[in-house]
Visitor: 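Here it is: the structure, laid out below.
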Amino acid sequence: MESLAQRAALLRESLHKSQQVTDAVVSILGSFDSRLSALDSAMRPIQVRTHAVRTAHENIDRTLRSADVILTQFDRTREAEREIQKGPHENLQAFLDAVDRLRSIERFFSSNRSYRSSDGVLNHVNALLSKALVKMDAEFQNQLSQRSKPMEPDRLFDCLPSTLRPSSESQPDGGKNPSAGSQPENQQNSEAAVYSPPALIEPKFVPLLSKLAQQLVQAGCQQQCSEIYSEARSSALESSLKNLGVEKLSKDEVQKMPWEILESKIGNWIHFMRIAVKLLFAGERQLCDQVFECSQSLRDKCFAAITKNSLATLLSFGEAIAMSKRSPEKLFVLLDMYEIMCELQTEIDTIFVGESCSQMRDSALSLTKCLAQTAQKTFSDFEEAVEKDATKNIHTDGTVHPLTSYVINYVKFLFDYQSTLKQLFQEFKKEDGTGSELAAVTMKIMQALQNNLDAKAKQYKDPALMHIFLMNNIHYIVKSVRRSEAKDLLGDDWIQRHRRVVQQNANQYRRIAWSKVLQCLSGQGLTSSGGSGQVGSDGGNSSGASRAAVKERFRSFNVLFEEIYQKQCGWSVPDTELRESLRLAVAEILLPAYRSFIKRFGPLIENSKAPGKYVRHTPEQLELLLGNLFEGKQERA
């Protein structure tokens, strides 16, 4: 460089001298203009020399300009070298700017290989770039390591809509494992809710990471850059999920868990899936797009590498549940899980875009279908289980059977999942996927329940109690349906038909239970020929009634009534309205017959010894006693 500077100085001095000569020549030409024609032949050599001087001047000027450009490149090289030697720790932006300058210098000398110094400069610049590449690689790794910290659960919860944030009561272990089972109403809220993915790395550092990545990619280090980024971010993501409460469980471990523990973990899993997809995975996708703005394929590749294990852990739990032994109590958690997968499917397709993520998209969709299939089979299992329930311990009081209340509550819950069930039925293209399919399923379950109740009723040895049992259970079904959304789906005809069944069983009970008592209060068989002191059918004296026969009728009535009263006070009709209606129905047939019998045959007893032994109750007392029936308590008349 010093030699080149000396040559440039000599050229400048020569140019200066040439300029002086030119000026002198021009002065002489001006003063001797009048003699130009005479001296023309003599001046031709001078003109030739002047042209040569001007040409030389232009060449020198071009050379000097080239020298200035080269000198400027040398100055830029020295400045860039100083920054490269410092490294990126002090001023990362200045370091990256220096790398850009070196690349510019490299392009300049590569396109001007005619300069004798080009090869030497290129070698020096390339050596600096290689040194810079090593430092950028280390800095990229260092920056990611420093900035990639796990997200704390509380920060993630703050990004959720308020309706989905776990309450303090549901965080027994400090908020790490919020129990947030997906209720249907929560799903509706979550669909319209706004989620705010957190900044996984402070925004001010993202552009610098992007520039480092761009430089590494330009240098042909895509693979190494991808591995560094993926390792740092996947580690942070897995730690975030672990802090949240996500566990790596084998399918065998999941399937061996007690149901009470598993049910709680399923509720947590639903919450974790929502947080993972809507916040963490969405945040990782956004960060990948920003850091690798220079390469679409690298974005997708890195995102897939980062999220692969975390998504697999979450989906594996869902698959274990879907493949576990089916049971009726699992239907609703299956529907909850199916519901959240349907809710997240669109976002999964959007976030896990590209060929690199195709297998992950397929895995999520496969779980959704598997959950739907298991739920559909559980429906069939439940219907069959209801009809074949072989419970032998029926209640001795004829009250509502636990199976009835269980099935009705089950059906009520089904109607809370109408939108989910519609999607589920569409999975299997059952009819049009509307309410008609749910109605058909519900009717099948109801019919299975009635068939089972009919079978259980036959276990009662007392036919009257059998009809009380059927009346209680069918009434409970009808009343529950009328108060639920099932009413609109099953229709008024179904309700009216089953109300008639309730009434039929009430009538059968009344006929069977009280027929013998009513026979005691009949005048049939009491009349005979002859005898005095007898009462006629009009209540007066008659020639047809035997006092002994009347006494026997009263005695039989008392024994039968006492027996029925004791039994039926222990029977139960839990519904207040139905109980009062049944008591009134009994009173309507018993009290008029009792009053008529006393009026007709009572005078024979009144005049006998100890009439209270035979007529133990007045009609009013009898009416009060009827008010104790069906309370489920043992009483004596």
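Values below: every heavy atom of this structure, side chains too, minus hydrogens, waters and symmetry copies. Treat the numbers as computed from the prediction; the structure is a model and nothing was measured.
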Visitor: Is there a donor-acceptor contact under 3.5 Å linking the side chains of Lys301 and Gln296?
Guide: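 Side chains of Lys301 and Gln296: no pair found under 3.5 Å.
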
Visitor: As an exercise, state the distance from CG of Leu212 to SG of Cys225, rounded to the nearest 0.5 Å.
Guide: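 The CG atom of Leu212 sits 8.5 Å away from the SG atom of Cys225.
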
Visitor: How about Gln93: does its CD atom have over 12 heavy atoms from other parts shown lying under 6.0 Å from it?
Guide: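 It does: Gln93 CD has more than 12 such atoms within range.
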
Visitor: Are any of the side-chain heavy atoms of Glu247 and Lys265 separated by less than 4.5 Å?
Guide: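 Heavy-atom side-chain distance check passes, below 4.5 Å.
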
Visitor: Is there a side-chain contact between Tyr229 and Leu209 in this structure, where contact means two heavy atoms from C-beta onward sitting under 4.5 Å apart?
Guide: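 With C-beta onward as the side chain, the pair stays apart.
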
Visitor: Just by distance, do the side chain of Glu263 and the backbone of Glu260 share a donor-acceptor pair under 3.5 Å?
Guide: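 Judged by distance alone, no pair lies under 3.5 Å.
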
Visitor: Tell me, which pairs form a ring pair (Phe, Tyr, Trp, His ring centres under 6.0 Å) where one or both residues lie in residues 203-224, sequence neighbours left out?
Guide: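 Found none.
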
Visitor: Run the numbers on Phe413 and Leu331 for side-chain contact (heavy atoms from CB on, under 4.5 Å), then give the verdict.
Guide: CA-CA 10 Å; Phe413 276 120; Leu331 177 60; over 6 Å; no

Visitor: Is any side-chain heavy atom of Gln255 closer than 4.5 Å to one of Lys325?
Guide: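 No, their side chains stay 4.5 Å or more apart.
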
Visitor: Please tell me whether Asn452 and Glu387 have a donor and an acceptor in their side chains that are separated by less than 3.5 angstrom.
Guide: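 Asn452 vs Glu387: no donor-acceptor pair found between side chains.
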
Visitor: Within the structure provided, determine whether Ser327 and Lys330 are in side-chain contact (heavy-atom separation under 4.5 Å).
Guide: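 In contact.
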
Visitor: Write down the atom of Ala199, the atom of Met151, and the distance for their closest heavy-atom approach.
Guide: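 Looks like O-SD, 4.4 Å.
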
Visitor: Measuring only between side-chain heavy atoms, which start at C-beta, is Ser358 closer than 4.5 Å to Arg361?
Guide: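 Yes; the side chains approach each other to less than 4.5 Å.
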
Visitor: Shortest non-hydrogen contact from Pro150 to Ser240?
Guide: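 Nearest pair, atom of Pro150 first, then Ser240: CA-OG, 3.4 Å.
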
Visitor: So Tyr406 and Tyr410, ring pair (Phe, Tyr, Trp, His ring centres under 6.0 Å) or not? Walk me through it.
Guide: CA-CA 6 Å; Tyr406 175 71; Tyr410 203 90; 5.8 Å; yes

Visitor: Roughly how far, to the nearest 0.5 Å, is CD1 of Ile266 from CG of Leu334?
Guide: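 Nearest 0.5 Å value for the CG-CD1 distance: 7.0 Å.
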
Visitor: Donor-acceptor pair, Asn473 side chain versus His401 backbone, under 3.5 Å?
Guide: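 Answer holds: yes.
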
Visitor: Could you list the donor-acceptor pairs under 3.5 angstrom formed by side chains in residues 378-386, with sequence neighbours left out?
Guide:
| residue | atom | partner | partner atom | Å |
| --- | --- | --- | --- | --- |
| Thr378 | OG1 | Thr374 | O | 2.7 |
| Asp381 | OD2 | Arg326 | NE | 2.6 |
| Asp381 | OD2 | Arg326 | NH2 | 3.3 |
| Glu384 | OE2 | Lys388 | NZ | 3.1 |

Visitor: Hey, mind stepping through Val333 and Trp259 against side-chain contact (heavy atoms from CB on, under 4.5 Å) and telling me if it holds?
Guide: CA-CA 11 Å; Val333 295; Trp259 171 243; 3.6 Å; yes

Visitor: Please report the shortest heavy-atom distance between Val400 and Pro574, naming the atom on each side.
Guide: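 Val400 and Pro574 have their closest heavy atoms at CG2-CG, 4.0 Å.
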
Visitor: Which is it for Glu238 and Val246 under the side-chain contact (heavy atoms from CB on, under 4.5 Å) test, yes or no, and what are the steps along the way?
Guide: CA-CA 9 Å; Glu238 289 172 20; Val246 174; over 6 Å; no

Visitor: Hey, could you give me the CE/OG distance between Met257 and Ser264, rounded to the nearest 0.5 Å?
Guide: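 Here the rounded value is 10.0 Å.
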
Visitor: One thing to verify: whether Arg274 and Glu343 come together as a salt bridge, which I'm taking to mean a side-chain N less than 4.0 angstrom from a carboxylate O.
Guide: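 So Glu343 pairs with Arg274 through a salt bridge.
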
Visitor: Pairs under 3.5 angstrom only: tabulate donor-acceptor contacts from the side chains of residues 285-293 to other protein residues two or more places apart or in another chain.
Guide:
| residue | atom | partner | partner atom | Å |
| --- | --- | --- | --- | --- |
| Arg285 | NE | Ile351 | O | 2.9 |
| Arg285 | NH1 | Asp289 | OD1 | 3.4 |
| Arg285 | NH1 | Asp300 | OD1 | 3.0 |
| Arg285 | NH2 | Asp300 | OD1 | 3.4 |
| Arg285 | NH2 | Ile351 | O | 3.2 |
| Arg285 | NH2 | Val353 | O | 3.4 |

Visitor: Pick out which of Ser356, Ser234, Ser230 makes a side-chain contact (heavy atoms from CB on, under 4.5 Å) with Cys302.
Guide: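 The passing option is Ser230.
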
Visitor: Measure the spacing between CG of Asn409 and OG of Ser480 and express it to the nearest 0.5 Å.
Guide: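 Interatomic distance, Asn409 CG to Ser480 OG, rounded to 0.5 Å: 7.5 Å.
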
Visitor: I need the minimum non-hydrogen distance between Gly283 and Leu200, along with the two atoms involved.
Guide: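 Looking at all heavy atoms of both residues, the closest pair is C-CD1, 3.4 Å.
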
Visitor: Which pairs of donor and acceptor atoms, one on a side chain in residues 364-372, lie under 3.5 Å apart (sequence neighbours left out)?
Guide:
| residue | atom | partner | partner atom | Å |
| --- | --- | --- | --- | --- |
| Thr368 | OG1 | Gln345 | OE1 | 3.2 |
| Thr368 | OG1 | Ala364 | O | 3.1 |

Visitor: Can you sort out the partners of Gln141 under side chain to side chain donor-acceptor pair (under 3.5 Å), two or more places apart, ordered by chain and number?
Guide: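 Here no residue qualifies.
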
Visitor: How far does CG of Asp336 sit from CD1 of Ile270, to the nearest 0.5 angstrom?
Guide: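 Rounded to the nearest 0.5 Å, the CG-CD1 separation comes to 4.5 Å.
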
Visitor: Consider side-chain contact (heavy atoms from CB on, under 4.5 Å). Of Asp97, Val206, Leu216, Leu96, which one does Lys211 pass it with?
Guide: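 Testing Lys211 for a side-chain contact (heavy atoms from CB on, under 4.5 Å) against Asp97, Val206, Leu216, Leu96 leaves exactly one candidate, Leu96.
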
Visitor: Are Met341 and Met273 packed together at the side-chain level, in the sense that at least one heavy-atom pair is separated by less than 4.5 angstrom?
Guide: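 Yes, close enough: below the 4.5 Å cut-off.
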
Visitor: Counting only heavy atoms not in Lys479 (residues, nucleotides, ligands), do more than 12 fall under 6.0 Å from its NZ?
Guide: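 Atom NZ in Lys479 is packed in, count exceeds 12.
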
Visitor: So do the side chains of Ser148 and Ile201 get within less than 4.5 Å of each other, counting heavy atoms only?
Guide: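 Yes; the side chains approach each other to less than 4.5 Å.
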
Visitor: Search all heavy atoms of Ser405 against all heavy atoms of Pro402 and return the closest pair with its distance.
Guide: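 Result for this residue pair: OG-O, 2.9 Å.
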
Visitor: Hey, what do you get for CD1 (Ile477) to CG (Leu449), rounding to the nearest 0.5 Å?
Guide: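 With rounding to 0.5 Å, CD1 (Ile477) is 4.0 Å from CG (Leu449).
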
Visitor: Is there a side-chain contact between Phe415 and Leu438, using heavy atoms and a 4.5 Å cut-off?
Guide: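 Yes; the side chains approach each other to less than 4.5 Å.
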
Visitor: So Asp137 and Cys221, side-chain contact (heavy atoms from CB on, under 4.5 Å) or not? Walk me through it.
Guide: CA-CA 9 Å; Asp137 186 286; Cys221 299; 5.6 Å; no

Visitor: So which heavy atom on Trp494 is nearest to which on Gln450, and how close?
Guide: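 Heavy atoms only, the tightest pair is CZ2-OE1, 4.5 Å.
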
Visitor: For residues 306-322, run the donor-acceptor check on the side chains, cut-off 3.5 Å, and write out each pair with its distance to 0.1 Å, sequence neighbours left out.
Guide:
| residue | atom | partner | partner atom | Å |
| --- | --- | --- | --- | --- |
| Thr307 | OG1 | Phe303 | O | 2.8 |
| Thr313 | OG1 | Asn309 | O | 3.0 |
| Glu319 | OE1 | Lys251 | NZ | 3.1 |

